[in-house]
Amino acid sequence: MYAITIDSVTQEYADLRTLLAVASAPKSGDELAGIGARSARERAVAQLCLAEVPLAAFLEDLVISYEDDAVTRLIVDTLDREAFKPVAGLTVGGFRDWLLSAEADGDALAALAPGLMPEMAAAVSKLMRVQDLIHVASKVRVVTQFRTTVGLPGTLAARLQPNHPTDDPAGIVASVFDGLMYGSGDACIGINPATDSTASAMRLMELLDRLRREYDIPTQSCVLTHVTNTIQAVERGAPVDLVFQSIGGTEGVNKSFGVTLEVLREGLEAGRSLKRGTVGDNVMYFETGQGSALSAGAHCGVDQQTLEARAYGLARRYEPFLLNSVVGFIGPEYLYDEKQIIRAGLEDHFCGKLLGVPMGMDVCYTNHAEADQDSMDTLLTLLGVAGCNFIMGVPGADDIMLNYQSTSFHDALYVRRQLGLSPAPEFAAWLERTGVFKDGQLKAPKHSLHIPDKERFRGLSS
Amino acid sequence: MKPDDLVAEDFWAGLRTWTDARIALGRAGVSQRTRDVLAFQLDHARARDAVHQQPDRRATFGDIEFLEVESRAPDRAVFLQRPDLGRLLARESEAMLAARAGNGFDVAFTVSAGLSSTAVERNFAPFWREFAPALEGLGLSAAPPCFAEQGRVALGDRVALALGARMAVVLIGERPGLSSPDSMGIYMTYGPKSDTTDEARNCISNIRPAGLGYAEAARTLCALMSEAFRRSVSGVDLKVDDALALAPGGEAGRLAGQARSPKQAR
């Protein structure tokens, strides 16, 4: 039981789960679930109450019980209580002050990460303003490696997303070239397949691998198919670089995605068994997003932002190369407008970084949300300042297969130029070598990359 | 300086014939050129209008008789944030339909703007003109189609229950993309209940001039309906290819595959 008295009225909260939901920034999804604050005052009062809760309370008062949920068990069983000690005596409010202090530098935060529960990160983020979320996240660098090194200070990577409505190899190759010519693809070249089967995924894996070897591109490919399809593809000898899966913050939502902790472990082992990384062996790629648990009817009464942080608590056990929230993708019933999407993107990025996850972001929206490209520019710029590991690179920001808008190859160039950021070093060197970049700037003369003809690349996947 | 000197063309512009993606846009500095930014905004405006404009009943139905019903979502903003309300019938509409139920119908059709009013305005009437004669041929009894402005797919179940119908068919505006603001989808459910979920539905999607044609969609829906009534089943247990193969003159496998990807599944 948690309580606070304001203006001689005492407000009580049965448990942390309830308190966290009421203290959360406005989200249409929490309203849909019937757990969010019903007024601005209710929210502000809950935030005052939450600020007084000792961090140590989170160790006892679990938002979803240990017995009922495999994600909770993973979070509790793998928590490093020694690493937690520096902040063990703080309240949530005190934790915010400490995070903003000079004492909490990059090293201190990296050392703390294994001792933090996702719920603690979510809680403190609810007391933070936008500048706090940006400032604290920017102190943390989470560096991962496969064929490129992503997350270094002074860098921003982009996932080249060359989706096509029918998985046409020529159409995909055309978008890949466009992205490479604009300096995207250092996070990975990652396709969302239109047809989700092992056989079609393998055709796309082979296509991307052929391209990568042909042009000697230091990057990794990924076909974002179900992890069990990828495990099968590994068994059948496909050239798998990264192993993808969508995940969420409860056992129930993961079940709805068709995955368990064991299946993810199998995916990790299958990916690592191929030893295809050249500079590191982070092989997993996860996508997440606020609202997925509610959408699957598996939110257990927990607010969507806390559940998102729990997804990161799950993810970090598999040492992912990349993780991004697909922040505005699910729709306005979870994040209604630009304000909600921007706030959620910054919360997700902050929580991920604090928990030691290599956070990227699909800065995006659908046409029935109250957002547009100006909203994307704002969030993109803020995330650039916050030290985000990677963003998406989609031709003209318009994904013609998934019917949503994200960030374009041009947008990645804009934010790099504006903030003085470079691509991942291995990829940056390749861009210079081929002449696509000169002295760190886009050049792309005619002789930089030889463009294959259409028939050849149609043939590649057959 | 001439305007042409300010922007750079891409030498790989020829690749544009390979895909509809917005590739080889060229650049102004490292940013998109004016014409591409404005073209994108126009496409976005079309998609936004499809979501937010009130559907024109006359354009949607022409001289086709229909019944107006309401969901429990009073306006667009509530509809977008509370899909649960868009799945329920307003009590007055429920009573109005119950009064018309008589001995019940075989099938109840519900038309909804869903997420694109443009989709039903452009596609419902021409589809219906192809479909109505075929429906007659099936020998099924049907109430006039019901129109709901703020309806989700599951509203069709409530309409069918109120009318005492054995099957619900919903024709609805799909989530608009920049290149497809006008896509209509059809969802068919045999034996709808108040708690029916998506695996009990068959879907025909992307019905529009640049997508699946009206005749093809009508033929597919007839085949699915007739097979659903024959076997008393719909959804995952009823495959569209099997239904088409069994239909007179049917030929399997011509429908575009239902796209599924991890991002969509989420």
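Chain identifiers are assigned alphabetically (A, B, ...) following the order of the sequence lines, protein sequences preceding nucleic acid strands; residue numbering begins at 1 within each chain.
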Does any heavy atom of chain B fall under 4.5 Å from the side chain of [X], the backbone, both, or neither of them?
X	result
Ala371(A)	backbone
Ser408(A)	side chain
Gln245(A)	neither

*Contact part of Ser180(B) toward chain A, heavy-atom cut-off under 4.5 Å: side chain, backbone, both or neither?*
side chain
*Contact class of Val51(B) relative to chain A, heavy atoms under 4.5 angstrom*: side chain
*Do any of residues 170-177 of chain B come closer than 4.5 Å to chain A, heavy atom to heavy atom, and if so which ones, in number order?*
Arg175(B), Pro176(B), Gly177(B)
*Any residues in residues 194-202 of chain B near chain A, with a heavy-atom distance under 4.5 Å, and which are they?*
none
*Ring center gap for Phe329(A) and Tyr404(A) short of 6.0 angstrom*: yes
So which of [options] has the biggest tally of heavy-atom pairs under 4.5 Å with chain B?
options	value
Tyr182(A), Phe409(A), Tyr414(A)	Tyr182(A)
Arg417(A), Gln441(A), His164(A)	Arg417(A)
Ile400(A), Thr366(A), Asp167(A)	Ile400(A)

*Out of Ala47(B), Gly29(B), Gly14(B), Ala21(B), which one racks up the most heavy-atom pairs below 4.5 Å with chain A?*
Ala21(B)
_Pair Tyr365(A)-His44(B), ring pair (Phe, Tyr, Trp, His ring centres under 6.0 Å): steps then yes or no_ = CA-CA 11 Å; Tyr365(A) 66 104; His44(B) 184 240; 5.5 Å; yes
*Results of side-chain hydrogen bond (donor to acceptor under 3.5 Å, both in side chains) for Arg82(B) - residues two or more places apart only*: Asp84(B)
*Can you sort out the partners of Tyr187(B) under ring pair (Phe, Tyr, Trp, His ring centres under 6.0 Å), two or more places apart, ordered by chain and number?*
none
